[in-house]
Every structure is written in structure tokens, then in C-alpha cells.
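This report refers to the structure that appears directly beneath it.
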Amino acid sequence: MTDLESSSARLLVVGFHGKSVNPDLRALLDRGVGGVILFSRNVGSAEDVAALCADIKRTAARPLLIAVDQEGGQVARLRQGFTPIPSARVIGASDDPSVAHDVGALIGRELRAVGVDMDFAPVLDVDTNASNPVIGARAFSRDAARVSALGVAFAAGLASAGVAACGKHFPGHGDTLQDSHHTLPRLPHALSRLEALELLPFRAAIAAGIPALMTAHVIFEALDAERPATMSRRVLRELLRGTMGYQGLVVSDDIEMRAIADHFGVEELVTHGLEAGVDQFLCCHTAELAHRAIDSIARGARGGTISETSLVEANRRVTEFTTRYARTPLVRPELAALRSPAHLELSARLQARAEETAADPTRG
């Protein structure tokens, strides 16, 4: 394996099928991918999750990030043996940053106990569109200031447990009418509207030092009428890195989502994405596509369509992030941290809040 191949592979976080390290995942680990994302299809009991995380890390035999979407509510990949957490909307109804911090800390402690290093949360989108098919209750609130305060507190809670937060979906997926899993949304809002609403939670998270942000597969016409944020230099390098001063890790949403896959080939995606400012790409389902993405990055770097500067900068950020957050395989999982009395008490309080919110869905 060449240095270029390993530096290209490091820019992928991959998903896999099954509940153990299968040949597809082993081959990607051998190539040097930077991380693995777990889904419900990969997990059973908490003991199984811990064993799987340790096995993945031992197989990689190097620092490696294991990540998961553990937001609470409908987006919680780890359930069996873990404390149930309601949606961000329920947390938002409290309008209490200390509650959001406690929830983040709870989730962080339970993730750390089984060997997970990174949570693709909090959602920093503002729930401004009741017809949005993909955000909805995943957002803390319709109010940008409340989303800002609670998102920052949630991320700080994760950090207190040693787990990396990743805010999403920059620069804001809350007002779309389409689900980017299935189609490519467009937002026509003026830049003044984005500045006054969608960008506020991301500015707050950046000011608070959030270590990672995830891009939205959405076209923001005021910024770039041709390319979705994941592939837009104007959105990522000029706005996020330049105007907003963000220096942390930028991760793409899943490159297999149809918002991207139906419109752009993988080579075009990774080329424009890296040049735009993406550091790591999520490839959540298909090993063959992950291999093609790695090959495309290496080929683009050799051919000059991907600049050396872009490749080096992305590798530096990934390496620094991995060094900070990736832990060695757990010798003995800390399963006593799961469903502890304090965790269950907080969960019960939130469940009571959830019942109130269900009775009055306009709250929050």
C-alpha cells in the first residue's frame, strides 16, 4: 500500500453489513480507512456492541474512529441495554441548557463505555418548516437562539465524557421540503435570511469549539446555485472556513444518499468535495463504492484535479482529530455505566416531558 493510497483511504468513514468484521470491512481497514460508522444492523446487546468495537479496532491495529448517530428519539442506533432518550424536540421543550448538557453527558458516557468515539450529533438545524420530512423532531426548536444554546450544551455534555460531537447539517437543513436521502433539496433563501436564522446555531457551536461539523446535501441558491453544500467551495472554504473562521473537522453526509448519488459520480463528488473543504466522506453502505472513492481521491491527487494542499490539509485535520478522540480497544467494557440509576432517572423525567410534548406538539 502506497503512502498516497493510505492518505486517500484515511479520508473515508465506512459502514458495513453484519454484526462482525466481515471480509468487506477487513479489506477497507487494511487499506487504511479513517473510521467506521455503526448502524442498527450492526448491533445487538450492549455487550455485543463493545465486543464489535474492540474487534474493529484490533483488526485495524492503529488509531481508528468508531462513530454512530445517537441523537435520541427516532435516530438512536444503540438501543438494547442503553438508556432510552427522547427526541431533541422534547429536550428543546425544556428550554434548559443544563438538561441538554446532562443528556449529552449521559449519551457520551454510554458510548464511551462500549468503545464508541464520536457521535454524529447534535442536530443544529432549526425546525422552521412543519412539512420537512427529515428533520422535524430531530431539531431542538423552531427558535434559532434556543437551538444554539441547547446544541452547544449537548455538545459540551458529550465532550465531558470524552466523546466527539459533530454538529449537523451545515449550513442548515431545517427548512427543506425534500428529504436529501431521496432527492436534492434547494433552498432559495437570501443570504440575509441564512445569516439571521440557519447559521446562528453553527456560529454558536464554532465559538464554543465544536470539533466537527457535517455538511448538508442541499443547494443554497444564495451561496451556490449549482452545487450542494458538500461540494461547494463558496459554502465550505469561503463561508465556513473563511467568514465563520471554523478550523475543525468537516465531514460529509453519506455520499450514497440520492441527493448526491443521483446527480454526481463518486469521482466528481470526492474531487469537488475535497477542493471545497470536506475532510472526510461518509460511505455508509457499499464497500465497492468506498473503494471507488479511495481510488478516485488517489487518482485525482496524481492527476492534479485534487491539489496537494487539499489532501495534506484534510489528512492533518483527520489525524489531529483521531489522535484526540480515538481510544484503544477496551479490555473490559464499562457496562455498569449503562442504564445507571442516574441515567434512568433523567430518562424518566424526559419521558414525562415527552408525554407533555405529545399532548401539545406546538411546544418547543
Side-chain angles (χ1 to χ4, degrees), residues 13 15-21 35-57 65-92 94 98-123 137-138 140 150-151 153-168 284 325-327 329-355 357-358:
V13 174
F16 67 102
H17 294 268
K19 292 181 169 62
S20 61
V21 176
V36 174
I37 180 171
L38 302 181
F39 287 89
S40 301
R41 64 179 185 252
N42 303 125
V43 301
S45 68
E47 292 85 351
D48 293 339
V49 176
L52 175 60
C53 290
D55 193 25
I56 291 170
K57 292 187 175 189
L65 288 162
I66 295 182
V68 70
D69 293 290
Q70 194 77 352
E71 301 171 13
Q74 69 182 36
V75 183
R77 312 304 187 194
L78 310 182
R79 294 182 182 271
Q80 185 180 337
F82 294 82
T83 303
I85 298 296
S87 68
R89 175 180 288 168
V90 172
I91 300 166
S94 71
S98 69
V99 171
H101 182 280
D102 289 347
V103 171
L106 184 164
I107 292 173
R109 286 191 292 268
E110 297 201 348
L111 295 182
R112 178 56 69 205
V114 295
V116 175
D117 308 299
M118 183 179 191
D119 189 6
F120 288 123
V123 170
R138 296 170 65 194
F140 288 110
L150 299 180
F154 184 101
L158 285 171
S160 73
V163 170
C166 180
K168 59 191 185 185
C284 294
Y325 289 105
R327 301 296 190 268
L330 291 176
V331 176
R332 186 176 294 104
E334 301 169 8
L335 298 180
L338 307 181
R339 297 179 64 86
S340 69
H343 288 189
L344 292 175
E345 190 276 331
L346 175 57
S347 176
R349 282 195 285 123
L350 291 169
Q351 183 57 40
R353 175 72 67 176
E355 293 168 2
T357 303

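The backbone N or O of Ala337 sits less than 3.5 Å from a side-chain atom of His343, completing a donor-acceptor pair. Ser347 contributes no side-chain N or O that, together with a main-chain N or O of Leu344, makes up a donor-acceptor pair within less than 3.5 Å.
Considering all non-hydrogen atoms of both residues, Phe16 and Asn42 come closest at O-ND2, 2.9 Å. Contact record, Phe120 with Lys168: O-NZ, 2.7 Å, taken as the closest heavy-atom pair. When all heavy atoms of Val49 and Val114 are compared, the closest pair comes out as CG1-CG2, 3.8 Å. The two atoms that bring Ala54 and Pro329 nearest to each other are O-CB, 3.9 Å, heavy atoms only. Nearest heavy atom pair, residue Arg41 against residue Cys284, reads NH2-O, 2.5 Å. Here the closest non-hydrogen pair linking Leu335 and Glu47 is CD1-CG, 3.4 Å.
Residues Val75 and Arg138 meet the side-chain proximity criterion, which asks for heavy atoms closer than 4.5 Å. At least one side-chain heavy atom of Ile66 sits less than 4.5 Å from a side-chain heavy atom of Leu38. You'll find the side chain of Val21 reaches within 4.5 Å of the side chain of Ile56, heavy atoms only. With a 4.5 Å cut-off on side-chain heavy atoms, Ser160 and His101 count as touching.
Summarising the geometry, atom CZ belonging to Phe82 is positioned 14.0 Å from atom CZ belonging to Arg77; distances are rounded to the nearest 0.5 Å. Remark: Asp69 CG to Met118 CE distance equals 10.0 Å, nearest 0.5 Å. Remark: Arg339 CZ to Leu106 CG distance equals 10.5 Å, nearest 0.5 Å. From Ile107, atom CD1 reaches atom CD1 of Ile85 across 5.5 Å, with rounding to the nearest 0.5 Å.
Sorted by first then second residue, the salt bridge (Lys or Arg N to Asp or Glu O under 4.0 Å) pairs that include residues 105-120, not counting sequence neighbours, are Lys57-Asp117, Arg112-Asp117.
By the side-chain contact (heavy atoms from CB on, under 4.5 Å) test, Ala76 pairs with Gln70, Arg79, sequence neighbours left out.
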